[in-house]
Amino acid sequence: MHILACNGVGLEKGKPNSPEDFFNRSTVKYIKDGEEKILNVVYLRYFDERVTQWTPYPKDPIFKSHSRDIYMADIIALICLIKEPSLSSRKRLYINSEKDLASCFLDLNFHKLEEVFRSIEQAKPYDINTHLDFYLS
């Protein structure tokens, strides 16, 4: 799998009574088996406040990659794809459980995540041979 891009955005209200402004969308763009794919993960924005419980980072933005600040929303889709490789057959995922999202961070090697962003910021796809490389041994 070749990671091409990871981005996150806060959703905005489309209609006055819409709850969209309570959610973030995280996107990972990648190539698998020669096919370009995108996974969108929508989750409650409140979960970003839990950054210190799930990561070694003290606040959001969680780290800097060259000139870009990396926020929780930028990494969620990538982490979900790493944790559950079968998600490569899906286009969308909705997470409304803090427990489900927190489990994606267990035993994760955060230094490898930073490597992914350094690579894609230099316009080089990051190659993932096995998702197990992203776990602490």
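Being a predicted model, the structure only gives us computed values, none of them experimental. What you see below is based on every heavy atom in this structure, not just the backbone, and it leaves out hydrogens, waters and symmetry mates.
More than 12 heavy atoms of other shown residues, nucleotides or ligands fall within 6.0 angstrom of atom NE2 in His66.
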Output, in order, the C-alpha distance, side-chain angles, deciding distance and verdict of side chain to side chain contact (heavy atoms under 4.5 Å, CB included) for Tyr30 and Ser88.
CA-CA 9 Å; Tyr30 60 99; Ser88 65; 3.5 Å; yes
Take Glu98 and Tyr46 through the side chain to side chain contact (heavy atoms under 4.5 Å, CB included) test and state the conclusion after the steps.
CA-CA 9 Å; Glu98 185 175 338; Tyr46 163 76; 3.8 Å; yes
Trp54 and Leu108: side chain to side chain contact (heavy atoms under 4.5 Å, CB included), yes or no, with the steps?
CA-CA 10 Å; Trp54 303 336; Leu108 191 65; over 6 Å; no
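For the pair Ser26 (side chain) and Gly8 (backbone), a donor-acceptor distance under 3.5 Å is absent. When atom types are taken as modelled, the side chain of Ser103 and the backbone of Asp100 share a donor-acceptor pair closer than 3.5 angstrom. The backbone N or O of Lys124 lies less than 3.5 Å from a partner atom in the side chain of Ser119, making a donor-acceptor pair.
The hydrophobic cluster containing Leu4 also includes Ile31, under a criterion of side-chain heavy atoms closer than 4.5 Å among ILVMFWY residues, counted directly or through chains of members.
Atoms CG and CG, on Asn7 and Asn40 in that order, are 10.5 Å from each other to the nearest 0.5 Å. Taking CG of Leu132 as the reference point, atom CD1 of Ile82 lies at 11.0 Å (rounded to 0.5 Å). Once rounded to the nearest 0.5 Å, the distance linking OG1 of Thr52 with CZ of Arg50 reads 8.0 Å. Between atom OG of residue Ser89 and atom CD of residue Glu84 there is a gap of 9.0 Å, rounded to the nearest 0.5 Å. The distance from the CD1 atom of Ile3 to the CD1 atom of Ile128 is 4.0 Å, given to the nearest 0.5 Å. One distance of note links NZ of Lys112 with CG of Leu136; it measures 11.5 Å at 0.5 Å rounding.
Remark: the Arg45 side chain and the Asn24 side chain contain an N/O donor-acceptor pair separated by less than 3.5 Å.
Qualifying ring-ring contact (aromatic ring centres under 6.0 Å, His included) partners for Tyr57, counting only residues two or more places apart in sequence or in other chains: Phe63, Phe110. Every residue two or more places apart in sequence or in another chain was checked for a ring-ring contact (aromatic ring centres under 6.0 Å, His included) with Phe47, and none qualifies.
Side-chain contact between Phe105 and Ile76 is present, with heavy atoms from C-beta onward closer than 4.5 Å. Counting heavy atoms from C-beta on, the side chains of Cys6 and Val28 come closer than 4.5 Å. Counting heavy atoms from C-beta on, the side chains of Met72 and Ile62 come closer than 4.5 Å.
Residues Phe22 and Leu101 are members of one and the same hydrophobic cluster, defined by side-chain heavy-atom contacts under 4.5 angstrom among Ile, Leu, Val, Met, Phe, Trp and Tyr. Leu113 and Tyr71 fall into different hydrophobic clusters, defined by Ile, Leu, Val, Met, Phe, Trp and Tyr side-chain heavy atoms under 4.5 Å apart, directly or through other members. Residues Ile79 and Ile38 fall into different hydrophobic clusters, defined by Ile, Leu, Val, Met, Phe, Trp and Tyr side chains chained together at heavy-atom separations under 4.5 Å. Tyr43 and Ile70 fall within a single hydrophobic cluster, where Ile, Leu, Val, Met, Phe, Trp and Tyr side chains are chained together by heavy-atom contacts under 4.5 Å.
Under the salt bridge (Lys or Arg N to Asp or Glu O under 4.0 Å) criterion, the residue pairs touching residues 53-72 are Lys64-Asp69, Arg68-Asp74, Arg68-Glu121, with sequence neighbours excluded. Screening residues 127-136 for salt bridge (Lys or Arg N to Asp or Glu O under 4.0 Å) gives no qualifying pairs among residues at least two apart or on separate chains. Counting only residues at least two apart or in different chains, salt bridge (Lys or Arg N to Asp or Glu O under 4.0 Å) contacts with residues 23-35 comprise Lys29-Glu36.
When all heavy atoms are compared, the tightest approach of Leu106 to Tyr135 is O-CE2, 3.7 Å. The two residues Leu93 and Arg90 have their closest heavy-atom pair at CD1-NH1, 3.8 Å.
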